[in-house]
Amino acid sequence: MAHDTKGSATGQGERFLEIALGEEAYAIPLLRVREVIATPKTTPIPNSPAHFVGMMNLRGQVLNVIDLRKKLIIKPRSGNKEEAVVIIDVGTNSLGVVVDSVDRVISATADSLSEPPLSTKKSVEHIKAIHRHGEKLVTILDIDKAIGAAELSGQPVRATA
Amino acid sequence: MDDLELELKKGFLEEATQLLDEAEQVFLDLEGNRGDPEILNKIFRLAHNLKGTSRAVGFGEIAEFTHKVENLILKLKNGELQVTDQIVSVLLACNDQVRVMVNGLIENIQASFSNDELVARIEAVSTAQGVDEGPSQTAQAPEEIADTDTDIRPEDLVALTTAESVVTAELLEVPPEPQEPSVLNSATDLAPAQVQIFEVKTPLIAETMVEERAVVQEASIAKAAPVKAQAPGANTSAAASAPPAESQKVKVEETIRVSTERLEKLNNLVGELVILQSMIRQQSGKAGDVEMHKAVVQLGKLSKDLHGMSMGLRMLPIKGTIQKMQRIVRDTSKVLQKEVDLILYGEETEVDKTVLESLNDPLVHIVRNAVDHGIEMPTDREFAGKNPRGRLEIKCSHEGNQLVIEVVDDGKGIDTQRVKAKAEERGILKPGVPVTEEQLINLVFHPGFSTKAEVSEVSGRGVGMDVVRTNIKALNGDVKVFSQLGKGSRVRIELPLTMAVIEGMIAEVAQARFVLPISQVHETLRPSPKSVHFVTGLGEVLDLRGENLPVIRVSEVLKLRQEKKPISELTAVIVRGQRVSAAIMVDEIVNQQQVVVKKLSQGVANINNFIGSSILGDGLPALILDLQNFAEGNRTKEAQYGT
């Protein structure tokens, strides 16, 4: 299911945003990406999980920002000036995701994609496929699983005007 | 079904609900004023209107059903039938059925319904008074008019539904009814030449004026194709350009329908404006340019007004919701065989649309409770020296920054001794531990609590008031109950008027900043070392002018990393709730600022601690603390009730 790449979701010429987490190359479906910004100032949220960086102000909207490297347990680059935040759409809301760099837009086709190798180690649900570009391998992410969307949306929100 | 047809049908369904609400109201009025010809006229017009438009958009079943209701009403109008309780019940049932059909069609546009049972009921009451059921000549006339009414061309319907607004202007030869126009909302400001009013008179229904329709079209619609109605042998006169004509006869309220989505967007934009303005203000205060700062402050007042007005766009009069209560009272009292008069005050009080929607269920429950548990049986009331008819009042008003709704009954009140006995029986209260009257009355909010021996058909399952309070609290409001044995009870709902912008105190705790809603703050002070005590079991206690308040440290509740400073080095924020007061400790109060309350973003744990999030003057987000919750959360329910 999560590893079915030849069919629907990752089909002909679908585009992704290639990002770097640590020293590895990953990719997020371009349609889910709303914008890319420099790492903003955030307000920490009390009692939040470790990968939560805090809340930010995006033109009047309050969004959460999470560190995808922490969430996927990847060692961040040190002294990195290219660190950025990718704003992605999650349902009707948005979420900021900290990445080490934003590199390019790639186009994946059935030829370039392959299923990820089976692993018995830790959960690899967030990996949808592997994209090959010349010598380089880029991991296509299932972004909802990567950010833990299920647990996020399960939290009740108190509505105001 | 093509797009146009679908759109027309949807438009009808939207309008229909409004129509039905009105109809219900009029049916209830009819019961109180049986002979009133104006009310009968009004009902007839409503039914006629509904029938015509439903047929025009292709909802045959509704049209047919409404047609039967219309016939019944016609008989009432002509005096062939007398208005009885039974007939009103049938009319109300028919109204309900149409509502069911409308809702069903909203779910599934192809839905089909069977109304045989009700139709049989209609026939039964129609014939019960010994009147010949066969279609008489007088009954035929309205049908004829109706048939030609539906001689409407598709372009006309396009005009009807695509025009921003439609006016129903009511012309009567008899003194006008103060509530017209009933059904559809009215005009935009267009040049008189584009307004055409058509008037239909028929000698066959002598005293009645069939309602007029004025169709206002936007300039962009090329074809001017108004609705035409002709009846054989009737005078059809076309009155040319007349803007809200005969305005001395009719009060046409100028309104325009706007989608709530647009309003949301508008509110968001204005909210952003307020935030940006306070950011600019903070910077300009530092910059030292006096003239500019003055202008920025002025901008602040302007944006505050703008914000207030844009929030106000979503305000609706509470009238609709509380008028629905009349039906509830009627039905409930009939079932229980009690006699209850419902008096409404402050129907024009305005409430935010979202609040209004959430108010309906709690109000229904409270009203049912009052009729079921509060008002006694007529004989019991007489025995107690009261008027056998119970009196239930619903009063709505603005008090300061709050919306207050009170449901007052003159029933038997809450028997606190019975409550106490039941609570002890259930283990909610420990026998022998002293409890105040107020605490006993407030047990009504306890989940699963009901002093009724059995669950009655109407209420009494004991889950209601707890849910009511949760719902009201979710709107940042509160519910209070007051009662006097033998005299009656009063349920008071308090809701904040403007939910979106609040006055906040910015407080610093462990280098983080939080917003404290000023409305929740009673006072702030720096406690002297002498006033702080430690009591085993209660923890830290603050002696405030003789009163002992529990001390709650925000840094502890939110688990923020901070070394524990002595209380005298912190600032105490005194909060007074309904039952508990507390001293909530923050490091210091930094600032005071208006903030826009925003939804809490997902993934925030312990949402009960916070009312929402907001953006401060420097552009950074901050969480808004729910101080009431902090204060009450400190003491467990057991501590409150002494178990």
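Proteins get letters first, then strands, A, B, ... in listed order; numbering begins at 1 in each.
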* To do: Pick one of side chain, backbone, both or neither for B:Leu560, based on which atoms fall under 4.5 Å of a heavy atom in chain A.
  => side chain

* Can A:Val62 and B:Ile615 be said to form a side chain to side chain contact (heavy atoms under 4.5 Å, CB included), step by step? -> CA-CA 8 Å; A:Val62 176; B:Ile615 299 184; 3.8 Å; yes

* Do B:Leu620 and A:Met56 have side chains that get closer than 4.5 Å, going by heavy atoms? -> no

* To do: Measure the shortest side-chain to side-chain distance between A:Pro46 and B:Asn609 over non-hydrogen atoms and say whether it is less than 4.5 angstrom.
  => no

* Can you say whether B:Ala512 sits under 4.5 Å from chain A via the side chain, the backbone, both, or neither, judging by heavy atoms? -> neither

* For atom CG of B:Leu269, is the number of surrounding heavy atoms from other residues, nucleotides or ligands below 6.0 Å larger than 12? -> yes

* Asked: Distance-only, no hydrogens or angles: does the A:Thr43 side chain make a donor-acceptor pair with backbone N or O of B:Pro621 under 3.5 Å?
  -> yes

* To do: Output the distance between atom OG (B:Ser613) and atom CD (A:Gln61), rounded to the nearest 0.5 Å.
  => 10.0 Å

* **Audit row: B:Asp618, A:Lys41, side chain to side chain contact (heavy atoms under 4.5 Å, CB included) steps and yes/no** => CA-CA 11 Å; B:Asp618 62 2; A:Lys41 282 201 204 141; over 6 Å; no

